[in-house]
Amino acid sequence: MSRSPVKAVIPAAGLGTRFLPATKALPKEMMPVVDKPAIQYVVEEAVDAGIDDILVIIGRNKNAISNHFDSVPELEVKLMEKGDERRLERVMASSDLADIHFVRQGEPKGLGHAVLRARAHVGDSSFAVLLGDDLIDERDVLLTTMIEAHERTGAAVIALMEVDPDSIHLYGAAVAEPTDEDQIVRVTGLVEKPAREEAPSNLAVIGRYVLPASVFDILERTEPGKGGEIQLTDALQELAADAAGPGVLGVVFGGRRYDTGDRVDYIKAIVQLATDRDDLGSELRPWLKEFAAGL
Ligand code: UTP
């Protein structure tokens with residue numbers, strides 16, 4: 001069993017109900033954030049962390065995702081004829097990014113069920129899971145720190161973020177103890193979407209995981225939990241409770257993260273990323289200031 005994750009899994013088969021009707025015919029992972037679909041940022045993040053074998057778990061409306069990562073020769077020829085080098089480069093970049101594979105999740109039975117669909121492709125190596133609607137700003141480091149912690153210890157590594165206690169019911173919450181390392185905690189328990197008064201902490205699980213292949217055996221026998229779905233959190237809870245194993249570590253992330261499956265966070269992501277961009281920021285910033293002044 002190898003501890004170096006060479007493959008990443010991106011679950012993108014959820015229903016995206018918070019974004020209906022936009023997600024009726026389009027997976028939420030394909031919603032544009034400025035001028036790239038959310039999932040492209042996530043694939044780029046995996047590639048930047050050294051992983052270029054990527055399995056996307058797709059549901060209904062799968063074609064939009066697979067088409068995006070395919071090359072479109074007629075579009076490339078048109079841009080070439082027009083001499084539009086810049087756009088040609090951007091169009092080709094999305095199909096040359098990585099070695100991308102797809103597998104279907106017949107029914108959206110939960111994140112744990114989606115991850116289990118990756119078993120045949122991943123085999124017995126450790127692997128990374130990146131949620132396709134969760135963006136980590138490319139200027140902040142997370143996945144690399146998680147991979148290093150996993151390679152060193154063999155533990156399952158999850159990403160945690162401190163959130164307002166009033167919003168902990170939207171996340172999995174961790175029971176955590178400090179370790180010798182600054183950013184890293186030992187996770188001794190997890191509760192999926194707890195009420196504020198039942199939450200063990202305000203450390204929320206966010207969409208990055210580095211997991212040992214042993215999680216697949218646990219997921220095979222994990223019963224549906226909260227919301228009638230097979231929860232990845234329940235399988236991680238079992239790893240955390242196994243005193244004989246390497247357990248679960250959490251990397252506490254203090255950087256910029258956008259949940260593009262949530263409407264307000266989605267809008268924030270677009271504003272933040274567009275204002276920071278060289279080609280758009282100078283035009284957008286003065287308008288934004290004027291707009292905000294009028295609120
Ligand atoms: P979410 O809970 O955010 O996705 O799942 P959702 O169910 O699509 O969202 P809403 O609440 O209805 O708006 C987190 C990630 O797990 C994937 C989703 O696509 C998302 O990337 N997922 C979830 C699956 O792939 N399969 C599932 O059965 C559930």
Side-chain angles (χ1 to χ4, degrees), residues 8-33 36-46 54-66 68-69 100-119 121-122 127-136 143 158-161 163 167-173 190-194 204-209 211 215-216 219-220 222-236 257-267 269:
V9 176
I10 303 184
L15 290 178
T17 47
R18 284 169 293 167
F19 243 117
L20 282 168
T23 44
K24 221 174 135 188
L26 187 77
K28 66 175 165 180
E29 291 77 7
M30 283 302 294
M31 302 270 288
V33 178
K36 284 191 285 190
I39 194 167
Q40 187 174 333
Y41 291 87
V42 177
V43 169
E44 287 169 355
E45 182 190 336
I54 291 167
L55 178 72
V56 184
I57 314 293
I58 46 180
R60 56 192 187 98
N61 306 322
K62 60 176 182 136
N63 292 344
I65 298 184
S66 49
H68 179 72
F69 292 107
I100 303 187
H101 310 263
F102 300 93
V103 71
R104 288 203 80 147
Q105 182 189 19
E107 248 185 276
K109 293 188 191 163
L111 179 57
H113 182 257
V115 170
L116 188 52
R117 299 288 299 127
R119 184 169 204 166
H121 183 81
V122 167
F127 61 106
V129 176
L130 295 87
L131 299 194
D133 58 347
D134 215 338
L135 303 195
I136 299 296
L143 192 56
I158 62 177
L160 299 171
M161 213 167 170
V163 298
S167 51
I168 193 72
H169 66 283
L170 301 169
Y171 298 89
L190 288 159
V191 190
E192 183 62 19
K193 301 194 169 84
V205 180
I206 58 168
R208 297 294 179 270
Y209 308 81
L211 303 174
V215 77
F216 290 128
L219 283 169
E220 293 274 10
T222 300
E223 296 287 333
K226 198 117 191 175
E229 296 192 337
I230 297 173
Q231 300 287 356
L232 182 59
T233 309
D234 292 343
L236 292 171
R257 173 238 174 201
Y258 315 99
D259 172 7
T260 64
D262 172 81
R263 287 170 301 172
V264 172
D265 240 30
Y266 172 75
I267 295 163

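Everything numeric here is computed off the predicted structure, so don't read it as measured data. Both ligands and their constituent atoms are indexed starting at 1 by order of listing.
Within 4.0 Å of ligand 1, counting heavy atoms only, the contacting residues are Pro11, Ala12, Ala13, Gly14, Leu15, Gly16, Thr17, Arg18, Lys28, Glu29, Gln105, Pro108, Lys109, Gly110, Leu111, Ala114, Leu131, Gly132, Asp133.
For Phe127 and Tyr209, the ring centers are positioned 6.0 Å apart or more.
For Tyr258, there are no ring pair (Phe, Tyr, Trp, His ring centres under 6.0 Å) partners, not counting sequence neighbours. By the side chain to side chain donor-acceptor pair (under 3.5 Å) test, Arg117 is found to be paired with no residue, residues two or more places apart in sequence or in another chain being considered. Remark: Tyr41 engages no residue in a ring pair (Phe, Tyr, Trp, His ring centres under 6.0 Å) (not counting sequence neighbours).
At a threshold of 4.0 Å, the pair Asp262-Lys28 does not count as salt-bridged, since none of the basic side-chain nitrogens sits closer than that to a carboxylate oxygen.
At distances below 3.5 Å, at least one donor-acceptor pair connects side-chain atoms of Lys226 with backbone N or O atoms of Lys193.
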